[in-house]
Amino acid sequence: MNKQKALIIIKPDGVQRGLIGKIVTRFEQVGLKIIGLKFEMAGENRVIAHYPETDVWFKKVGERTLTNYAKKGLDAKVVFNTDDPVQIGRTVKKWLITYFQESPVLIMALEGYDCIEIVRKLSGNTIPLLATCGTIRGDFSHDTIDLANEQNRPLRNIIHASDTVEDGEKEVNLWFTKEELFSYELAGEKFMYKV
C-alpha cells in the first residue's frame, strides 16, 4: 500500500474569511500529514498551468456549466454568447485565473494512505449547495450558481482539492519544489496503519 499526495489550495474566499486554521485542522485531525505549506500570491502562469489547456478539459467544464444552467432554467448564451462547451470552458478558466489572484492563497501538500479519497470526502461537493454538512464546503461555503452566473465569475467554494492520484502528484509538483517538501513521521504513525 502506497501513500498518496494531494494538493489543497485555500482559495481567496477562504483566506479572506479567516478560515485557514479551521480548514487545516480538518485535514490534520484525520491523520493526513502536511509535507508542504506556503502562503503566497498565485502567479498567473502557475494558475494557467494548474488548470488543463485541453479541449477535453474545456468541454468537461463547459458541459457541466451547461447542465447547471439547464437545471436552473437559464440560457447560457445570455452570459457566454455561445452554447459551445469548449468556448464556455475557456471563459470559466479565465474567470478562475482572475479569482485565484484576488488575494494570497494557502497552498498545502498532504500525504497519507488513501489521501485522495479522504481529501475528497472532507472537502465535499464542489457546488456548495450540494455539499453535505460536516464537509469543508458544506460548512463554510455559501455561494450559489445563480449568483456566480449573474456576476460572470466562477463559483467561490473555499478550496481546491486534488481529485485523482495522478492529479495529486502533478499538482504537488507544480506548486512545490522538492526542497519545499518534507519527509517525517507523525507521532505514532507507524502504529496508525498496517502496511
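Remember, it's a predicted structure, so these values are computed and weren't measured experimentally.
- Of all the heavy atoms in L7 and W175, the pair that sits closest is CD2-CD1, 3.3 Å.
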- Message: What verdict does the side-chain hydrogen bond (donor to acceptor under 3.5 Å, both in side chains) test give for S162 and E171, after you've listed the backbone C-alpha separation in whole Å, the side-chain angles of each residue and the deciding distance to 0.1 Å?
- Response: CA-CA 7 Å; S162 300; E171 292 171 355; 2.6 Å; yes

N/O donor-acceptor pairs under 3.5 Å from side chains in residues 125-132, not counting sequence neighbours:
from, atom 1, to, atom 2, distance (Å)
N125, OD1, I127, N, 2.8

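- In terms of hydrophobic clustering, with Ile, Leu, Val, Met, Phe, Trp and Tyr side chains grouped at heavy-atom distances under 4.5 Å, F27 and V165 are assigned to different clusters.
- Each of E185, E111, E28 was evaluated against K33; a single residue qualifies, E111, per the salt bridge (charged side-chain N to carboxylate O under 4.0 Å, His left out) test.
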Return a table of donor-acceptor pairs under 3.5 angstrom between the side chains of residues 95-107 and protein atoms on other chains or two or more places apart.
from, atom 1, to, atom 2, distance (Å)
W95, NE1, N152, O, 3.3
T98, OG1, K94, O, 3.3
Y99, OH, D13, OD1, 2.5
Q101, NE2, A42, O, 3.3
E102, OE1, R156, NH1, 2.8
E102, OE2, R156, NH1, 3.3
E102, OE2, R156, NH2, 2.9

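- Pairing each heavy atom of G36 with each of L181, the nearest pair is CA-CD2, 4.1 Å.
- I159 and L155 are assigned to two separate hydrophobic clusters, defined by single-linkage of ILVMFWY side chains at heavy-atom distances under 4.5 Å.
- Counting heavy atoms from C-beta on, the side chains of T91 and Q87 never come closer than 4.5 Å.
- A tilted orientation is assigned to the rings of F80 and Y69, their planes being inclined by 30° to 60°.
- When R137, K11, R153 are each tested for a salt bridge (charged side-chain N to carboxylate O under 4.0 Å, His left out) with D143, only one passes: R153.
- Heavy atoms of other residues, nucleotides or ligands lying less than 6.0 angstrom from NZ of K72 number 12 at most.
- For Q16, the CD atom counts as densely surrounded, since its 6.0 Å shell holds more than 12 non-hydrogen atoms of other residues, nucleotides or ligands.
- Heavy-atom contacts from other residues, nucleotides or ligands closer than 6.0 Å to NZ of K170 number more than 12.
- Across every non-hydrogen atom of C115 and K5, the tightest pair is SG-C, 4.4 Å.
- Relative to the six-membered ring of F176, K38 meets both conditions, a distance below 6.0 Å and an angle of at most 45° to the axis.
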- Task: For side chain to side chain contact (heavy atoms under 4.5 Å, CB included), just list the numbers for I88 and T82, CA-CA rounded to whole Å, side-chain angles, deciding distance to a tenth of an Å, and then say yes or no.
- Result: CA-CA 7 Å; I88 292 171; T82 184; 4.1 Å; yes

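- Across every non-hydrogen atom of D167 and T164, the tightest pair is N-OG1, 2.9 Å.
- Summarising the geometry, atom OG1 belonging to T25 is positioned 11.5 Å from atom CD1 belonging to I20; distances are rounded to the nearest 0.5 Å.
- Sorted by first and then second residue, the salt bridge (Lys or Arg N to Asp or Glu O under 4.0 Å) pairs involving residues 121-136 (not counting sequence neighbours) form an empty list.
- Taken together through direct or relayed side-chain contacts under 4.5 Å among Ile, Leu, Val, Met, Phe, Trp and Tyr, V119 and I116 form parts of separate hydrophobic clusters.
- In this structure, Y51 and W57 have tilted ring planes: the angle between them lies in the 30° to 60° band.
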- Task: Kindly determine whether K93 and E53 satisfy side chain to side chain contact (heavy atoms under 4.5 Å, CB included), including the steps that lead there.
- Result: CA-CA 9 Å; K93 182 169 180 172; E53 277 285 322; 2.6 Å; yes

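- The two residues I158 and R17 come nearest to each other via the heavy atoms CD1-NH1, 3.4 Å.
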- Task: I would like to know whether K71 and T67 meet side chain to side chain contact (heavy atoms under 4.5 Å, CB included); could you show each step before the answer?
- Result: CA-CA 6 Å; K71 285 179 184 175; T67 299; 3.9 Å; yes

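- Taking CG from D139 and CG from L122, the interatomic distance works out to 10.5 Å, rounded to the nearest 0.5 Å.
- Of all the heavy atoms in V86 and F58, the pair that sits closest is O-CB, 3.6 Å.
- Note that CD1 of I23 and CD1 of I9 are 12.5 Å apart. Values are rounded to the nearest 0.5 Å.
- A single hydrophobic cluster is not seen to contain both V24 and V172; linkage of ILVMFWY side chains at heavy-atom distances under 4.5 Å, directly or through other members, places them apart.
- I136 and L110 end up in the same hydrophobic cluster when Ile, Leu, Val, Met, Phe, Trp and Tyr side chains are linked at under 4.5 Å.
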